[in-house]
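My structure is below; once you've seen it, I'll send some questions.
By convention in this document, chain letters (A, B, ...) are assigned in the order of the sequence lines, proteins followed by strands, and residues within each chain are numbered from 1.
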Number of protein chains: 2
Amino acid sequence: MTKDIEPTAAATRAWIGLMRAQQRTLAAIEKDFKAAGLPPLIWYDVLWELVKAEDGRLRPFEIEARTLLAQYNLSRLIDRLEKEGLVRREVFDEDARGCWVVVTEAGRAMRERMWGAYAPSIARHIGAKLSEAEASELAALLSRLSGDAM
Amino acid sequence: MTKDIEPTAAATRAWIGLMRAQQRTLAAIEKDFKAAGLPPLIWYDVLWELVKAEDGRLRPFEIEARTLLAQYNLSRLIDRLEKEGLVRREVFDEDARGCWVVVTEAGRAMRERMWGAYAPSIARHIGAKLSEAEASELAALLSRLSGDAM
DNA sequence: TCAATGTAGATGCAATTGCATATATATTGA
DNA sequence: TCAATATATATGCAATTGCATCTACATTGA
């Protein structure tokens with residue numbers, strides 16, 4: 001009678017596996033980052049979104065959508081990045097409520113430096129454990145969960 | 001020349017996908033939990049390990065290994081669980097440095113209540129998005145990442 | 001047997017997060 | 001045009017986390 005609300009064993013294993021794999025891999029990558037004297041991984045995500053964006057700038061709510069950061073967390077993360085000189089806030093003429101977040105040269109440099117640790121870390125903790133085909137298959141299955149367009 | 005440290009595109013997509021899928025699914029499940037007036041998901045993990053364990057008890061370092069919680073976080077999480085009457089600390093005779101963490105009846109009841117929200121949440125956010133075969137395949141790939149024995 | 005070292009767990013403090021709410025516009029419909 | 005409502009971002013405060021270190025006991029080797 002609980003059939004329709006019990007997840008299948010496979011779904012449960014997938015969920016547990018998702019949590020564990022993410023936690024372990026994230027911990028391993030963050031350890032690499034710390035060993036390299038680098039700031040938290042989330043800084044990379046924000047900097048990278050900005051670097052990819054036109055004119056190296058985005059509105060906070062756009063960063064929010066791309067990174068899944070909560071609004072209040074992003075607001076304070078921008079404070080920290082700004083304090084480090086990696087981004088700066090600029091006025092947004094068309095709407096006085098808003099602002100631009102612009103990546104600075106120092107921010108671009110930091111992103112590159114971070115990638116220098118990130119890339120081998122991904123290679124080591126993901127690439128080395130799966131074949132090309134498996135990594136692709138994994139990415140495809142995960143994107144189904146996020147509801148992304150493929 | 002950077003070939004050996006650049007991750008493949010597939011590995012990178014798998015990593016991004018892993019982060020996103022975990023974050024989104026976790027957020028969705030935690031939202032369900034909050035809607036049901038339940039405590040954080042991590043409480044479930046600890047209670048469940050205790051319920052599964054012989055005599056409903058484990059040493060803190062055992063819980064630590066099973067849940068991937070940091071030692072200092074677990075120590076304080078046990079404080080909170082104890083304050084809520086869900087577990088209690090008992091002396092461990094064979095080593096005066098250690099203690100047992102024992103799940104109480106209230107703790108068992110809470111775990112069951114949590115599962116009442118957790119199960120449909122997993123079914124909805126994982127089970128509904130993948131076929132049985134896909135969920136199994138995903139679980140298998142993820143376990144490769146965690147380095148678990150299959 | 002005891003000094004050195006290792007292990008289990010707790011804790012002070014600073015940084016980060018989550019929650020609720022504030023502030024300052026912008027938009028919309030009567 | 002203005003009150004009501006919605007949107008963009010910030011912030012006070014409490015809870016949680018991370019880091020470093022502490023306490024207490026255990027083990028080991030000279």
- Query: Of A:I42 and B:D95, whose closest DNA chain C nucleotide lies nearer the 5' terminus?
  - Reply: B:D95
- When the distance from CG of B:D79 to P of C:dG12 is rounded to whole Å, what number comes out? 11 Å
- Query: Atom CZ of B:R80 and atom P of D:dA15: how far apart are they, to the nearest Å?
  - Reply: 10 Å
- Write down the distance between CD (B:E90) and P (C:dG9), rounded to a whole number of angstrom. 14 Å
- Message: Going by the rule salt bridge (Lys or Arg N to Asp or Glu O under 4.0 Å), which residues pair with A:R97 if we only count those two or more places apart in sequence or in a different chain?
- Response: A:D95
- If you pin A:L77 and B:P60 to their nearest nucleotides in DNA chain C, which one's is more 5'? B:P60
- Item | A:E94 CD - D:dT9 C1' separation (whole Å) | 17 Å
- Message: Does D:dT9 have OP1 or OP2 under 4.0 Å away from a side-chain N or O of A:R89?
- Response: no
- Item | Under 4.0 angstrom between B:R97 side-chain N/O and C:dA10 OP1 or OP2 | no
- Closest approach of A:C99 and A:P60, non-hydrogen atoms and distance? O-CD, 3.2 Å
- Specify the separation, in whole Å, of atom CD of B:E64 and atom P of C:dA8. 9 Å
So which protein N/O to nucleotides 18-22 of chain C N/O distances come out below 3.5 Å?
from, atom 1, to, atom 2, distance (Å)
C:dG18, OP2, A:N73, ND2, 2.6
C:dG18, O6, A:R76, NH2, 2.7
C:dC19, OP1, B:K34, NZ, 2.4
C:dC19, N4, A:R76, NH2, 3.4

- Message: Can you measure A:L41 atom CG to C:dT16 atom P for me and round it to whole angstrom units?
- Response: 15 Å
- Query: Rounded to the Å, how far apart are B:L69 CG and C:dA10 C1'?
  - Reply: 15 Å
- Message: For residues 119-138 of chain A, which residue pairs pass the side-chain hydrogen bond (donor to acceptor under 3.5 Å, both in side chains) check, not counting sequence neighbours?
- Response: A:D32-A:S121, A:D32-A:R124, A:D32-A:H125, A:S131-A:E134, A:E132-B:T8, A:E134-B:R144, A:S136-B:R13
- Task: Report the hydrophobic cluster partners of A:V102, with the cluster defined as I, L, V, M, F, W, Y residues connected by side-chain heavy atoms closer than 4.5 angstrom, directly or transitively.
- Result: A:F92, A:W100
- Does the side chain of B:L86 come within less than 4.5 Å of B:V46's, by heavy atoms? no
- Query: For residues 68-77 of chain B, which residue pairs qualify under side-chain hydrogen bond (donor to acceptor under 3.5 Å, both in side chains), counting only residues two or more places apart or in two chains?
  - Reply: none
- Query: Could you give the CG-to-C1' distance, from B:L74 to D:dT16, as a whole number of Å?
  - Reply: 14 Å
- Message: Using the salt bridge (Lys or Arg N to Asp or Glu O under 4.0 Å) criterion, which residues pair with A:E49? Sequence neighbours excluded.
- Response: A:K52, A:R66
